[in-house]
There are 2 protein chains.
Amino acid sequence: MPSKKASIHRVFHALGDPTRRTIVEKLSEGPISVSQLAIPLAISLAAVVQHLQILEESGLVHTEKTGRVRTCRIEPSGFSVVQQWIDDRRTVWEERFDRLGDLLADTDKP
Amino acid sequence: MPSKKASIHRVFHALGDPTRRTIVEKLSEGPISVSQLAIPLAISLAAVVQHLQILEESGLVHTEKTGRVRTCRIEPSGFSVVQQWIDDRRTVWEERFDRLGDLLADTDKP
DNA sequence: CTATTAGTTAAGTGCATGCTTGAGTATCTA
DNA sequence: TAGATACTCAAGCATGCACTTAACTAATAG
């Protein structure tokens with residue numbers, strides 16, 4: 001199994017680039033071909049393909065080639081990696097918040 | 001008001017770096033000083049300070065200086081920018097899923 | 001007062017990364 | 001079959017960014 005740390009890195013790194021986020025936003029509207037995706041982006045087709053490779057390796061996007069057209073679509077499960085990472089942190093904040101509650105309660109009865 | 005797009009960019013860019021994520025993970029355990037934060041990181045103190053600047057500008061971390069010690073802590077609200085961005089996309093996926101449902105329903109009664 | 005601790009700031013370096021161009025390969029259309 | 005379309009791949013460039021070192025300020029300890 002590919003390490004969790006590595007997959008977290010791939011996803012966050014992928015989403016760290018504004019062009020790739022724009023691609024994800026566009027793909028959220030529905031599946032689309034590579035060339036259609038490139039039109040509003042004002043960069044070369046080759047650059048778009050490079051971004052798509054990174055997005056696909058990160059698990060955020062799935063692409064499939066039929067004939068000469070590659071269709072790209074969102075892979076919703078990829079985003080759960082982000083959600084999970086944040087939720088894991090939040091759990092610890094909440095634990096701390098609980099302990100703070102205990103601490104405050106203790107001041108009532110020394 | 002600072003544009004939403006810009007704040008999304010700051011947050012995703014901040015979390016795109018593995019060292020900064022490690023800092024966030026450490027801070028999730030509770031507030032800590034800059035030097036204490038630097039110890040397990042194997043980089044110079046100056047580098048840590050630079051990461052903290054980015055994290056603070058992104059709204060993910062809050063720091064406060066008392067005497068000569070700067071204490072760093074998580075700013076939980078900063079993470080809602082990420083959550084919100086993903087939820088916004090997911091809304092569209094779900095809309096599309098609904099329309100797919102409609103489409104399948106239509107095939108029953110042509 | 002001096003020495004140490006804690007952090008700040010600036011300048012410089014090297015590598016990663018986003019992007020381009022150009023040449024090549026299937027696939028589809030007329 | 002000829003030409004257009006939709007990518008694909010490789011190489012090179014240029015900027016950004018993480019990191020270092022070094023010199024500095026401010027607070028605390030002895």
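Below, chain A is the first sequence line, B the second, and so on; all start at residue 1.
- Each of D:dC9, C:dT27, D:dT28 was ranked by its minimum atom distance to the side chain of A:Arg68; first place goes to C:dT27.
- In this entry the distance linking CZ of A:Arg70 with P of C:dA26 reads 14 Å, nearest Å.
- Summarising the geometry, the separation between CG on B:Leu37 and C1' on C:dT8 is reported as 16 Å, rounded to the nearest angstrom.
- Distance CG (A:Asp17) to C1' (D:dT15): 14 Å, rounded to an integer number of Å.
- When distances run from any side-chain atom of A:Ile43 to the nucleotides D:dC7, D:dT20, C:dT20, the shortest one goes to C:dT20.
- The side chain of A:Thr66 places no N or O atom within less than 4.0 Å of a non-bridging phosphate oxygen (OP1 or OP2) of C:dT27.
- A:Gln50 places its CD atom 12 Å from the P atom of C:dT17, with the value rounded to the nearest Å.
- Closest approach to the A:Ala46 side chain among D:dC17, D:dA6, C:dT20 is made by C:dT20 (side chain taken as heavy atoms from C-beta onward).
- A side-chain donor-acceptor contact under 3.5 Å links B:Arg21 to the backbone of B:Leu15.
- Ring geometry for A:Trp85 versus B:Phe79: interplanar angle of 30 to 60°, hence tilted.
- Distance, B:Leu41 CG to D:dT20 C1': 15 Å, rounded to whole Å.
- Counting only heavy atoms from C-beta on, A:His51 has its side chain closest to C:dG18 among D:dT8, C:dG18, D:dC19.
- Atom NZ of A:Lys65 and atom P of C:dA26 are 10 Å apart (whole Å).
- The backbone N or O of A:Val34 lies less than 3.5 Å from no partner atom in the side chain of A:Arg70, so there is not a single donor-acceptor pair.
- Put simply, the side chain of B:Arg89 never gets that close to the backbone of A:Ser28: no donor and acceptor are under 3.5 Å apart.
- Dashed line: the shortest gap from a side-chain N or O of A:Thr19 to OP1 or OP2 of C:dG18 is not under 4.0 Å.
- In the set D:dT28, D:dC19, D:dT20, the nucleotide with an atom closest to the side chain of B:Ser44 is D:dT20.
- For the pair B:Arg20 CZ and D:dC17 P, the interatomic distance rounds to 9 Å; values are reported in whole Å.
- For the pair B:Ile39 CD1 and C:dT5 C1', the computed distance is 13 Å after rounding to whole Å.
- Side chain of B:Arg20 to backbone of B:His13: a donor-acceptor contact under 3.5 angstrom is found.
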